[in-house]
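One structure below.
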Amino acid sequence: MDQGIPVTKDVFWIGVNDFETHLFESLWPLPMGVSYNAYMILDEKVALIDTVKGSFFATFLDKVKALLPDGKPVDYLIINHMEPDHSGAIKVLVEAFPDIKIVGNKKTRDFLEGFYGISDNFMVINDGDVLDLGKHKLKFYLTPMVHWPETMMTYDLTDGILFSGDAFGGFGALNGGIFDDVVDIEFYEDEVLRYFSNIVGRYSPMVQRAFKKLENVDIKIIAATHGPVWRDNPKQIIELYDKWSRYEAEKGVVLVYGSMYGNTQKMMEAVAQGLVEEGVEKVRIHNISVTHLSFIIRDIWRFKGVILGSCTYNMELFPPMKNLLAALENRMLKNRHIGVFGSYSWSGGALKELHDFAQKMKWKLVEPVIEAKHAPKKEELEQCKLLGKNMAKAIA
């Protein structure tokens, strides 16, 4: 994938794959890498849409120059999003093409000057403005807080391509192909949800506002800045984003536990037994000390039921579980059923924090609420099993 790949006759993917970065934003694991997608439109005027992370600027610039006809300049750089994984090559691009005109909204200009000290040759566009390249005409839709203040989308009126920025994007490098009909789309769906829930999900109301703005746009292809280009079935990713940003979920339960010496784990196993006995097929169990928050948040976004169990540590909630609660509260996820259980040795604390979290999130509490001192007794394990059965009934 060292050369540009045609998306349509005049539009090319000129992105790069990153197999080197371990943590996206220094937070989120990238076991299968990530792509930074940028695009080029060859017309009477040549336009680039976004760039790539700075460490990949040489590969990006090689692709730009390889596609340019001899003697033809790059006329425009359109910036949909200023986050450095997409804007990192701007400075070198301006050095390579000093007459290039940078296109963005008023907030884009502030970020551009703040990050890179660039203020010259900037064209401010407003919501609904159209840029004429010749054959291709590009219409701009401002979509603030999806997921930064300056984010916007660019729509090619000629080919029906929505250059959507981070929206509709996902983790996972593009392995040999860039289109939804040539890659393992089930894998990418999973990674799109992990990306959405980890990064964009907090701004779900703004995603819904963007949908309203785009509801009459004839979208034939979605070209995001991460993940596959959706040319075969863009409706699929649109429907998923719509569902996730309305907090809809599948039937299933995420069971997350924290256990130091195995006693809380015994309670978890009893809960899981109750879930299965009552017919729940999709049960996702996560040991909070082992599984990264990124994957737990993804699963909680996917499924209706959440059950959290934790030991007490220094009279408080087990620290990894406390981190999960903070991450979930930050994302303001709605419409879930929750069950809680806990254990302690000499002074409680964990269960109260779990219960307070359920109330703060306004999720529907499923009973019983169980707390065990030392090791769980037979009666407490039976209560745990009952919690699993009651959760199964609540999400049915």
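Sequential numbering from 1 along the given sequence is applied to the chain's residues. Fair warning: this is a prediction, and the values are worked out from it, not measured in the lab. Hydrogens, waters and symmetry mates play no part in the numbers below; they use all other heavy atoms, side chains included.
Side-chain rings of Y195 and H226 approach one another, their centers coming within less than 6.0 Å. W301 and F196 have their aromatic ring centers within a separation under 6.0 angstrom.
Closest approach of I78 and M152 over heavy atoms only: CG2-CE, 4.0 Å. In plain terms, the two heavy atoms of L133 and Y76 that are nearest each other are CD2-CD1, 3.7 Å. Considering every non-hydrogen atom in both V366 and A394, the closest pair reads CG2-CB, 3.9 Å. Nearest approach of M260 to T312, heavy atoms of both residues: CE-O, 3.7 Å. Of all heavy-atom pairs spanning G170 and V34, the tightest one is O-CG2, 4.4 Å. Residues V7 and F179 approach most closely at CA-CZ, 4.0 Å, considering heavy atoms.
Atom OH of Y313 has 12 or fewer neighbouring heavy atoms from other residues, nucleotides or ligands inside a 6.0 Å radius. Other residues, nucleotides and ligands contribute at most 12 non-hydrogen atoms within 6.0 Å of the NZ atom of K360. No more than 12 heavy atoms of other residues, nucleotides or ligands shown are found within 6.0 angstrom of NE2 on H22. More than 12 heavy atoms of other residues, nucleotides or ligands lie within 6.0 Å of CE in M332, so this atom counts as buried by the packing criterion. For Q359, the CD atom is densely surrounded, since the number of other residues' heavy atoms within 6.0 Å is greater than 12. The environment of NZ in K235 is sparse: at most 12 heavy-atom neighbours from other residues, nucleotides or ligands sit within 6.0 Å. Around CD of E186, the count of heavy atoms belonging to other residues, nucleotides or ligands within 6.0 Å does not exceed 12. Shown here is K377, whose NZ atom has more than 12 heavy atoms of other residues, nucleotides or ligands within 6.0 Å.
There is a path of hydrophobic side-chain contacts, each under 4.5 Å, that joins I14 to I102. Cluster annotation: F57 is not connected to V74 through the hydrophobic network of ILVMFWY side chains, with a link wherever side-chain heavy atoms come within less than 4.5 Å. Connection of L255 to L324 is not established within any shared hydrophobic cluster, with ILVMFWY side chains joined at heavy-atom distances below 4.5 Å, either directly or through further cluster members. I288 and Y257 fall into different hydrophobic clusters, where Ile, Leu, Val, Met, Phe, Trp and Tyr side chains are chained together by heavy-atom contacts under 4.5 Å. M391 and V280 fall within a single hydrophobic cluster, where Ile, Leu, Val, Met, Phe, Trp and Tyr side chains are chained together by heavy-atom contacts under 4.5 Å.
The aromatic rings of Y203 and H147 are tilted relative to each other, their planes meeting at an angle between 30° and 60°. Between Y241 and W244, the angle of the ring planes lies from 30° to 60°, which puts this pair in the tilted group.
Within the 4.5 Å cutoff, the side chain of D356 has heavy atoms near those of the K352 side chain. For the pair M82 and I90, the minimum side-chain heavy-atom distance is below 4.5 Å. Annotation: side chain of N390 is in contact with side chain of P368 (closest heavy-atom distance under 4.5 Å). V16 is not listed as a side-chain neighbour of S35, based on a closest heavy-atom distance of 4.5 Å or more. The shortest side-chain heavy-atom distance between Y141 and S164 does not fall under the 4.5 Å cut-off. Contact check for V103 versus F140: side-chain heavy atoms found under the 4.5 Å cut-off. Residues L351 and V340 meet the side-chain proximity criterion, which asks for heavy atoms closer than 4.5 Å. Inter-residue side-chain proximity for L308 and F357 is flagged as met; some heavy-atom pair is nearer than 4.5 Å.
A side-chain donor-acceptor contact under 3.5 Å links D43 to the backbone of K135. Distance alone, capped at 3.5 Å, places no donor-acceptor pair between the R109 side chain and the F122 backbone. Between the side chain of D180 and the main chain of P234, no donor-acceptor pair closer than 3.5 Å is present. Of the possible donor and acceptor atoms, none in the side chain of R231 sits under 3.5 Å from a partner among the backbone N and O of D181. In this structure, S343 contributes its side chain and A372 its backbone to no donor-acceptor pair below 3.5 Å. Looking at W363, its side chain does come within 3.5 Å of a backbone N or O of L333 through a donor-acceptor pair. The main-chain N or O of E44 is found under 3.5 Å from a side-chain atom of K72 such that the two form a donor-acceptor pair. A distance-only check finds no donor-acceptor pair linking the side chain of Y36 to the backbone of D85 [under 3.5 Å]. A side-chain donor-acceptor contact under 3.5 Å links D75 to the backbone of V46. Not one N or O on the side chain of Y188 forms a donor-acceptor pair closer than 3.5 Å with the backbone of G169.
Rounded to the nearest 0.5 angstrom, C311 SG and N263 CG are separated by 9.5 Å. Put simply, CD1 on I338 and CG on L354 are 7.0 Å apart, with the number rounded to the nearest 0.5 Å. Rounded to the nearest 0.5 Å, atoms CZ (F211) and CG (D242) are 5.0 Å apart. Expressed to the nearest 0.5 Å, how far OG1 of T291 lies from CZ of R284 amounts to 12.5 Å. Within the model, atoms CG of L365 and NE2 of H337 stand 10.5 Å from one another, a figure rounded to the nearest 0.5 Å. We find the CD1-OG1 distance between I41 and T158 to be 8.5 Å, quoted to the nearest 0.5 Å.
Under 3.5 Å, the side chains of Q265 and E269 contain a donor-acceptor pair of N or O atoms. At a cut-off of 3.5 Å, with distance as the only test, a side-chain donor of S245 or Q208 sits close to an acceptor on the other residue. When only modelled atom types and interatomic distance are considered, H86 and D166 share a side-chain donor-acceptor pair under 3.5 Å. With 3.5 Å as the limit, one finds a donor-acceptor pair spanning the side chains of K53 and T21.
Electrostatic pairing of K106 and D110 does not count as a salt bridge here, judged by no charged N lying under 4.0 Å from a carboxylate O. By the 4.0 Å N-to-carboxylate-O rule, E191 lies close enough to R194 to be salt-bridged with it. A salt bridge links R302 to D190: one of the charged nitrogens lies within less than 4.0 Å of a carboxylate oxygen. For E150 and K107, the salt-bridge test fails: no basic side-chain N is under 4.0 Å from an acidic carboxylate O.
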message: Go through it in stages, so that I can follow the logic: the residues are V217 and L162, the test is side chain to side chain contact (heavy atoms under 4.5 Å, CB included), and I'd like the CA-CA distance, side-chain angles, deciding distance and then a yes or no.
response: CA-CA 9 Å; V217 178; L162 181 68; 5.5 Å; no

query: Is there a side-chain hydrogen bond (donor to acceptor under 3.5 Å, both in side chains) between D62 and T59 once you walk through the steps?
result: CA-CA 5 Å; D62 285 346; T59 302; 5.7 Å; no

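Checking D156, D159, D132 one by one against K137, the salt bridge (Lys or Arg N to Asp or Glu O under 4.0 Å) holds for a single residue, D132.
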